[in-house]
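Notes for the one structure printed next.
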Amino acid sequence: HGLRPIITDSVGGQFRLYDETRGPGIHTLNLATNESIYEAEEFYDEDNFWNNVNDEQDEAATDAHFSAEMTYDFYHEHLGHSSVDGEDDLQMLSLVHYGENVLNAFWNGSWCTLGDGNGFDVTALTSLDVVGHEFTHGVTDYTADLRYRNESGALNESFSDIFGTAIEFWAEGDSAD
């Protein structure tokens, strides 16, 4: 997303991708190609200037964090819906670097998991519309509770597509695509 402001947290002289100013928090963790949340680790930065472009695509972490913050703000400011559950009880957790060459992102009922792409022409799936799409699955879970199959599954996907795009255009304005 280029140069963007994000909220982080200071721990032991370092900074981590945790924003406690929005509801129960927005937290971004590193799966480092693992697939279990129990293997997730913090992303740290020493000076809180997250210039973390590297071969591991760690810039995806700050993109995911910014995207989750914008998703929270969009729902809160425009719809009066706080966090994913609407009650500000559920932390918005993003797990970045899921598996190896995973061309997928998904909501598992509790958090957003983001793959790094296919290793060729698609990079990490952490754009505003993708992250907004996945967290919208959570909003749909807590509001409409649509079963994810047949027509209700199609509605679930379309709501996530629409809101993911709306979040991107709201946050990016004229540079949205």
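I7 approaches H65 most closely through the heavy-atom pair O-NE2, 2.9 Å. Between L114 and V130, the shortest heavy-atom distance links the atoms CD2-CG1, 4.5 Å. Closest approach of L128 and M70 over heavy atoms only: CD2-CB, 3.7 Å. Here the shortest heavy-atom pairing between S82 and Y72 reads CB-OH, 4.0 Å.
Once rounded to the nearest 0.5 Å, the distance linking CG of L146 with CG of L155 reads 6.5 Å. With rounding to the nearest 0.5 angstrom, the OG1 atom of T123 is 10.0 Å from the CG atom of L103. Note that the OG atom of S175 and the CD atom of E168 stand 8.0 Å from one another [nearest 0.5 Å]. Remark: I26 CD1 to C112 SG distance equals 11.5 Å, nearest 0.5 Å. Here CG of N52 is found 11.0 Å from CD of Q57. Values are rounded to the nearest 0.5 Å.
The only option from T62, D45, T28, L17 that meets the side-chain contact (heavy atoms from CB on, under 4.5 Å) definition with T8 turns out to be L17. Across V84, L29, T113, a single residue satisfies side-chain contact (heavy atoms from CB on, under 4.5 Å) together with L93, and that is L29.
Residue pairs meeting the salt bridge (charged side-chain N to carboxylate O under 4.0 Å, His left out) criterion with at least one partner in residues 80-89, sequence neighbours excluded, do not occur; the list is empty. Listed by first and then second residue, the salt bridge (charged side-chain N to carboxylate O under 4.0 Å, His left out) pairs involving residues 7-28 are D9-R16, R16-E42, D19-R22, R22-E69, R22-D73 (not counting sequence neighbours). Among residues at least two apart or in separate chains, ring pair (Phe, Tyr, Trp, His ring centres under 6.0 Å) pairs with a member in residues 86-129 are F43-H97, Y98-F106, W107-F135.
If you chain together hydrophobic residues whose side chains sit under 4.5 Å apart, F163 and W170 fall into the same group. Hydrophobic cluster membership is shared by I37 and V102, with clusters built from Ile, Leu, Val, Met, Phe, Trp and Tyr side chains linked at under 4.5 angstrom. One hydrophobic cluster, built from ILVMFWY side chains closer than 4.5 Å, cannot hold both M92 and L95; they sit in different ones. L90 and F74 fall within a single hydrophobic cluster, where Ile, Leu, Val, Met, Phe, Trp and Tyr side chains are chained together by heavy-atom contacts under 4.5 Å.
With sequence neighbours left out, the side chain to side chain donor-acceptor pair (under 3.5 Å) criterion links D47 to no other residue. Residues meeting the side chain to side chain donor-acceptor pair (under 3.5 Å) test with Y75, sequence neighbours left out: T136. Take Y142 and apply the side chain to side chain donor-acceptor pair (under 3.5 Å) test, not counting sequence neighbours, and it matches no residue.
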Worksheet entry | Trace of the side-chain contact (heavy atoms from CB on, under 4.5 Å) decision for N30 with V96 | CA-CA 5 Å; N30 185 2; V96 179; 5.7 Å; no
Item to complete: Please lay out, stage by stage, how E59 and W50 fare under the test side-chain contact (heavy atoms from CB on, under 4.5 Å).
Response: CA-CA 8 Å; E59 66 272 18; W50 293 79; over 6 Å; no
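Residue E35 qualifies as enclosed at atom CD: its count of foreign heavy atoms under 6.0 Å is above 12. The number of heavy-atom neighbours closer than 6.0 Å to NE2 of H81, taken from other residues, nucleotides and ligands shown, is above 12. Summarising the local packing, CD of E77 is surrounded by more than 12 heavy atoms from other residues, nucleotides or ligands at distances under 6.0 Å. By the 6.0 Å contact criterion, CG on D177 is open, its count of non-hydrogen atoms from other residues, nucleotides or ligands being 12 or less.
Classified by interplanar angle (parallel below 30°, tilted 30° to 60°, perpendicular above 60°), the ring pair H137/H133 is perpendicular.
Of the possible polar contacts, none joining the D58 side chain to the A61 backbone as a donor-acceptor pair under 3.5 Å is found. Put simply, the side chain of S152 gets close to the backbone of R149: a donor and an acceptor are under 3.5 Å apart. Judged purely by atom type and a 3.5 angstrom limit, T140 has no side-chain atom pairing as donor or acceptor with the backbone of N156.
D129 and S127 are linked by a side-chain donor-acceptor pair at a separation below 3.5 angstrom, with hydrogens and angles left out of the test.
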